A.B. asks: 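Sharing a structure here in structure tokens format.
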Amino acid sequence: MLITPGSLLAQMPAMKEINIDHSKIAYYEQGKGETIILLHGWPQTSYVWRKNFSELSKHNRVIAVDLPGLGKSEKVEKYDTKSIATLIDKFTDSLKIDKFHLVGHDIGSWVAVTYAIFFERKLSTLTVIDASIPGLMDAAVFRPENANKVWQFYFHAVDAIPEFLTDGKEKEYISWYFTKKSFIKTAINKDDLQTYYNDYKGTMKNGFDYYRAFGESAKQNQSFSGKLSIPVLAIGGRYALAERVGDAIRKIADHVQVETIEECGHYVPEEQPEQINKLILTQIKK
């Protein structure tokens, strides 16, 4: 189903903040009930969930976290997924959350998967949305013929050059991704782009550092020799990673539901929010 202007509420709750290990973590909270924690991707912030909050929070407590170094959250020293997952775990402890459903998109899924590996005891379910998970995604995804979709993994990993080349061109740079990697081109409009640009201007290095830590994050995931016992929902956009997300997650989980969203590119929560809302709510009710 295509989302048209005014077809659903696209609104964020007020920002809150908390200090974790001397760094400010920004988050957005709404609703009561079982807790759902949402982790965004790059080049985005918790604003990616603006079309999901209203529906998901009708009967649940929904918390979207700006990943450390991104959005309104302050930078940290290490951006490997185990370090970031540990910060998220301390965040949940600070809010006295001992059980929750975890949802991630893009690099938010990188963090979510590593969180599940090291802190599975606190999770009821895991949802992974269109992400090349470090150490798990099929190497074929990174072949040269797929360069239009994955070249940034290499570019962002280079020291200093990405910052130098994108300085003063942040809006043009992140706009390329939304134009090229989306299927529904109207899902992210000029105002949305401006919102992302405002948060990324001057902080691009923090996002690049997640990619620079990709190899370390991959080793952390590959060190896991068991299988997750919690239910896992793996979602891909038809014109993005599609079923490959599920193929990757099956390497570490026994109970995996794989869904491919039609008429959808990489930015699934924004391109097809109604379908994502339905899948997430169905998952947590099982």
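All of these numbers come straight from a predicted model, not from anything done at the bench. Scope of the values below: all heavy atoms of this structure, side chains included, with no hydrogens, waters or symmetry mates.
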A.B. asks: Less than 3.5 Å apart, any donor N or O on the side chain of Ser229 or Glu120 sitting next to an acceptor on the other?
C.D. replies: yes
A.B. asks: Which heavy-atom pair separates Gly69 from Asn206 by the least distance, and what is that distance?
C.D. replies: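 The pair with the smallest heavy-atom distance is O-ND2, 2.8 Å.
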A.B. asks: Is it the case that atom CD in Glu77 sees more than 12 heavy atoms from other parts of the structure closer than 6.0 Å?
C.D. replies: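 Counting other residues, nucleotides and ligands, CD of Glu77 stays at 12 neighbours or fewer.
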A.B. asks: Could you check Asp106, Asp130, Leu279 and say which one makes a side-chain contact (heavy atoms from CB on, under 4.5 Å) with Val268?
C.D. replies: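 The passing option is Asp130.
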A.B. asks: Going through the checks in order, is the side-chain contact (heavy atoms from CB on, under 4.5 Å) test met by Leu70 and Tyr200?
C.D. replies: CA-CA 7 Å; Leu70 304 180; Tyr200 273 87; 3.9 Å; yes
A.B. asks: Nearest 0.5 angstrom please: Ser109 OG to Leu126 CG, how far?
C.D. replies: 7.5 Å
A.B. asks: Is the number of heavy atoms from other residues, nucleotides or ligands under 6.0 Å of Lys219 NZ greater than 12?
C.D. replies: no
A.B. asks: Between Ala218 and Gly135, which heavy-atom pair has the shortest distance, and what is it?
C.D. replies: CB-N, 3.4 Å
A.B. asks: Test side-chain contact (heavy atoms from CB on, under 4.5 Å) on Gln194 and Lys171 and set out the steps.
C.D. replies: CA-CA 8 Å; Gln194 185 67 39; Lys171 183 182 289 187; 2.5 Å; yes
A.B. asks: Salt-bridge test for Asp192 and Arg50: reply yes if a basic N is under 4.0 Å from a carboxylate O, no otherwise.
C.D. replies: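 Yes, charged N to carboxylate O under 4.0 Å.
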A.B. asks: Please determine whether the number of non-hydrogen atoms from other residues, nucleotides or ligands lying under 6.0 Å from atom NZ of Lys227 exceeds 12.
C.D. replies: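 It does: Lys227 NZ has more than 12 such atoms within range.
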A.B. asks: Of all heavy-atom pairs between Ala116 and Leu228, which one has the smallest distance, and what is that distance?
C.D. replies: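 Closest approach of Ala116 to Leu228: O-CD2, 3.4 Å.
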A.B. asks: For residues Ala234 and Gly246, report the shortest heavy-atom separation together with the two atoms involved.
C.D. replies: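 Of all heavy-atom pairs spanning Ala234 and Gly246, the closest is CB-CA, 3.6 Å.
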A.B. asks: Strictly by modelled atom types, are Thr125 and His101 linked by a side-chain donor-acceptor pair under 3.5 Å?
C.D. replies: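 Yes, side-chain donor-acceptor contact under 3.5 Å.
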A.B. asks: Write down the atom of Thr260, the atom of Ala242, and the distance for their closest heavy-atom approach.
C.D. replies: OG1-C, 3.8 Å
A.B. asks: Is it true that, when you exclude Lys278 itself, more than 12 heavy atoms of the residues, nucleotides or ligands shown sit nearer than 6.0 Å to its NZ?
C.D. replies: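 No, not enclosed.
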A.B. asks: After noting the C-alpha distance and the side-chain angles of Gln272 and Ile184, does the key distance pass the side-chain contact (heavy atoms from CB on, under 4.5 Å) rule?
C.D. replies: CA-CA 9 Å; Gln272 293 289 1; Ile184 299 178; 3.5 Å; yes
A.B. asks: For Lys72, is there an ion pair with Asp66 - N to carboxylate O distance below 4.0 angstrom?
C.D. replies: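 Lys72 and Asp66: not salt-bridged.
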A.B. asks: In Å and rounded to the nearest 0.5 Å, what is the OH to CG distance from Tyr79 to Leu67?
C.D. replies: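 Those atoms lie 10.0 Å apart.
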A.B. asks: Would you confirm whether the ring centroid of Tyr27 sits within less than 6.0 angstrom of the ring centroid of Phe91?
C.D. replies: yes
A.B. asks: Any side-chain heavy atom of His266 sitting closer than 4.5 Å to one from His105?
C.D. replies: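 Yes, close enough: below the 4.5 Å cut-off.
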A.B. asks: Identify the heavy atoms of Met15 and Glu17 that sit nearest to each other, and give their distance.
C.D. replies: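 Result for this residue pair: CE-OE1, 3.7 Å.
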A.B. asks: With a 6.0 Å cut-off (strictly less than), is the heavy-atom count around NZ of Lys24, excluding the residue itself, greater than 12?
C.D. replies: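 Atom NZ in Lys24 is crowded, with more than 12 foreign heavy atoms closer than 6.0 Å.
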A.B. asks: CG of Leu233 to OG1 of Thr127: how many Å apart, nearest 0.5 Å?
C.D. replies: 4.5 Å
A.B. asks: So does Arg61 pair up with Glu29, basic N to acidic O under 4.0 Å?
C.D. replies: yes
A.B. asks: Hey, could you give me the OG/CG distance between Ser132 and Leu241, rounded to the nearest 0.5 Å?
C.D. replies: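 Reported to 0.5 Å precision, the distance equals 4.5 Å.
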A.B. asks: Any Lys/Arg nitrogen of Glu243 or Arg238 sitting under 4.0 Å from an Asp/Glu carboxylate oxygen of the other?
C.D. replies: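 Here Glu243 pairs with Arg238 in a salt bridge, since their nearest N and O are under 4.0 Å apart.
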A.B. asks: Using the rule given for ring pair (Phe, Tyr, Trp, His ring centres under 6.0 Å), can you reason through Tyr196 versus Tyr177, listing the C-alpha separation, both sets of side-chain angles and the distance that settles it, and then say yes or no?
C.D. replies: CA-CA 12 Å; Tyr196 289 130; Tyr177 289 89; over 10 Å; no
A.B. asks: Of the options Phe208, Phe142, Tyr210, Trp42, which is the one that meets Phe153 in a ring pair (Phe, Tyr, Trp, His ring centres under 6.0 Å)?
C.D. replies: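 That would be Phe142; it is the only one of Phe208, Phe142, Tyr210, Trp42 passing the ring pair (Phe, Tyr, Trp, His ring centres under 6.0 Å) with Phe153.
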A.B. asks: So does Arg121 have more than 12 non-hydrogen atoms from other groups sitting under 6.0 Å from CZ?
C.D. replies: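 Correct, the count exceeds 12.
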A.B. asks: Before you tell me yes or no, could you show the steps for Trp151 and Phe155 under ring pair (Phe, Tyr, Trp, His ring centres under 6.0 Å), namely the whole-Å CA-CA distance, both residues' side-chain angles and the distance that decides it to 0.1 Å?
C.D. replies: CA-CA 6 Å; Trp151 66 275; Phe155 177 59; 5.6 Å; yes
A.B. asks: With rounding to the nearest 0.5 Å, note down the distance linking CD in Gln30 to CD1 in Ile63.
C.D. replies: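 Interatomic distance, Gln30 CD to Ile63 CD1, rounded to 0.5 Å: 11.5 Å.
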A.B. asks: Test side-chain contact (heavy atoms from CB on, under 4.5 Å) on Trp110 and Tyr211; report intermediate values, then the result.
C.D. replies: CA-CA 10 Å; Trp110 301 3; Tyr211 288 85; 3.7 Å; yes
A.B. asks: Without hydrogens or angle criteria, can the side chains of Glu259 and Gln275 be said to hold a donor-acceptor pair below 3.5 Å?
C.D. replies: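 There is no such pair between these side chains.
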A.B. asks: Just how far is it from atom CG of Asn60 to atom CD1 of Ile280, taken to the nearest 0.5 Å?
C.D. replies: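 Asn60 CG to Ile280 CD1: 10.0 Å, rounded to 0.5 Å.
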A.B. asks: Indicate yes or no: does Glu163 engage Arg212 in a salt bridge with an N to O separation below 4.0 Å.
C.D. replies: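 Salt bridge present between Glu163 and Arg212.
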